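Here the structure is a predicted model, which is why all the values come from computation and not from measurement. A note on names: the letters A, B, ... follow the listed sequences, proteins ahead of strands, and every chain is numbered from 1.
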2 protein chains.
Amino acid sequence: MLCYYISDINPAGPANASVILGAKRMTTTQTMSTSDPLTHDHDQCIARALDEAERLCAQRGVRLTPLRRRVLEEIWQHHEVVKAYDLIHRLSTEDHTVKPPTVYRALEFLLEQGLIHRIESQNGYIGCSHPALAHQCQLLICRGCGQVEELDDPALSEALQREAESHGFRVDQQIVEVRGLCPHCVPAGEEAPAR
Amino acid sequence: MLCYYISDINPAGPANASVILGAKRMTTTQTMSTSDPLTHDHDQCIARALDEAERLCAQRGVRLTPLRRRVLEEIWQHHEVVKAYDLIHRLSTEDHTVKPPTVYRALEFLLEQGLIHRIESQNGYIGCSHPALAHQCQLLICRGCGQVEELDDPALSEALQREAESHGFRVDQQIVEVRGLCPHCVPAGEEAPAR
DNA sequence: ATCAGAAATGTAATAACATAACATTTCGAT
DNA sequence: ATCGAAATGTTATGTTATTACATTTCTGAT
Ligand SMILES: [Zn+2]
Ligand SMILES: [Zn+2]
Ligand SMILES: [Zn+2]
Ligand SMILES: [Zn+2]
């Protein structure tokens, strides 16, 4: 499977179509990267995320059960926000309907282990790009294509932490989400206001 | 009405009880401030917020109808997160049940006019402290008492904006919410991890 | 290998949050 | 007074999440 940056949420115009057709599967060894979503090999992206999850859970002595692994795999199918009820539908078959608590419990586990992030402004979830270490991240959420890029800028999170502390506040968690248009959707969205 | 910083969400121990009893109504002229929630005159806080809303809506040629004003007034009853269904219940009487769309439409108007902020991580709302000018804010949300402090640090919002732009991202809106313990709830919560 | 407790999953019901669609009322300008 | 737009009322339904309890699976001790 290839990861298309321009999703069908935002039907691309002719200008973008050629870009999409230009996407190609890369077979050389490379690092996982969400910064070049048009060209990266997303099969490898998924495989790497699952391997890393297996490794971390083994290391931590927690169980990445088949169900939890399956939910994580579904979340990693693309770089867009995934909703809990999407997962319920995707995991259900004619034989067997998955019920909400099943999915919510798996999500709870994955959140606890830092394998996914919850996107508060969308009631959705996304795979974490750097699950080995706990971190505060900044999420860039494109309203055009729905893709999410995870930033992990310590300078930003530290600045916010300091600001909160300067008001006597003890920080548990930061929620930093930016809504807007990603580089590939800016042309299709609105042009820059300045002229 | 006085604004108690320690709410009944987090039953205060004896150490805090005296602090609560120490809260007093201030009658001197003062600026609205959420930075000293124990001592500020919250009646004046509400009145000022409503006056400001009247003024801004008149200036902008939009209508702060009785319903919208009433919803804003309820949101300003304290400095804690208010939920939409709280408002529905508070506005309903034995004679008349307020339906969800009524409240959600009022909230939509108040959000558009920048008179309230939505707190994404809580599905809740809070009165805006500086509604005259559009701004990106940072919200400090206490898990102890539920109170919310609004920060408006341009250095922070500009830093986040620059970071997003450096990734080619066009920013529409920033969502910055910090969960933790406010100065008055830190003692009652957990002690500092360092020793 | 067997058993007991803990962890995980299954299931039913319901709570909590939000919107769509359409009817009626109110407002403000002519 | 009349008309169109804006606001509100009403019904129904869609979406997200949790509670409570039953059953199954796993793990470690015997
Ligand atoms: Zn990918
Ligand atoms: Zn992450
Ligand atoms: Zn106040
Ligand atoms: Zn504000």
For DNA chain C, the residues among residues 86-104 of chain A that have a non-hydrogen atom under 4.0 Å from it: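 Here the set is A/His96, A/Lys99, A/Pro101, A/Thr102.
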So, using salt bridge (charged side-chain N to carboxylate O under 4.0 Å, His left out) as the criterion, who are the partners of [X] when residues are at least two apart?
X: B/Glu120; value: A/Arg179, B/Arg118
X: B/Arg55; value: B/Glu52
X: B/Arg105; value: none
X: A/Arg162; value: none

Interface residues of residues 58-65 of chain B with DNA chain D (non-hydrogen, below 4.0 angstrom):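 Residues of residues 58-65 of chain B under 4.0 Å from DNA chain D: B/Arg63, B/Thr65.
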Side chain to side chain donor-acceptor pair (under 3.5 Å) against A/Glu54, all qualifying residues, sequence neighbours excluded: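 With sequence neighbours excluded, A/Glu54 shows a side chain to side chain donor-acceptor pair (under 3.5 Å) to A/Arg69, given in chain and number order.
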Sugar-phosphate only, base, or nothing, as touched by A/Arg68 at under 4.0 Å among non-hydrogen atoms: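 If one applies the 4.0 Å heavy-atom cut-off, A/Arg68 turns out to touch the sugar-phosphate alone, with no base involved.
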Touch class at under 4.0 angstrom, heavy-atom based, for A/Arg70 against every strand present: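 It contacts nothing in the nucleic acid.
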Separation of atom CZ in A/Arg105 from atom C1' in D/dT16, rounded to whole Å: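 Rounded to whole Å, this separation is 16 Å.
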Whole-Å distance separating the NZ atom of B/Lys83 from the C1' atom of D/dT18: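 Computing the B/Lys83:NZ to D/dT18:C1' distance gives 13 Å.
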Inter- and intrachain pairs under salt bridge (Lys or Arg N to Asp or Glu O under 4.0 Å), touching residues 81-103 of chain A, at least two apart: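 Found A/Glu74-A/Arg90.
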Pairwise salt bridge (Lys or Arg N to Asp or Glu O under 4.0 Å) hits with a residue in residues 125-142 of chain A, at least two apart: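 Those involving residues 125-142 of chain A do not exist here.
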Cluster check A/Leu151, A/Ile175: I/L/V/M/F/W/Y, side chain < 4.5 angstrom: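 Per the 4.5 Å side-chain linkage, A/Leu151 and A/Ile175 are not co-clustered.
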Report, one line per pair, each donor and acceptor closer than 3.5 Å where one atom sits in a side chain of residues 106-116 of chain A; sequence neighbours left out.
from, atom 1, to, atom 2, distance (Å)
A/Gln113, OE1, A/Arg60, NH1, 3.1

Terminal axes of the helix from C/dA1-D/dT30 to C/dT30-D/dA1 (five pairs each): angle between them, nearest 10 degrees: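 Here the local axes at opposite ends form an angle of 30°.
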Passing option when B/Glu150 is tested against B/His79, B/Gln138, B/His135 for side chain to side chain donor-acceptor pair (under 3.5 Å):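 For B/Glu150, the side chain to side chain donor-acceptor pair (under 3.5 Å) check succeeds only for B/His135.
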Range on DNA chain C touched by chain A - first to last nucleotide, heavy-atom distance under 4.0 Å: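 Result: C/dA8 to C/dA12.
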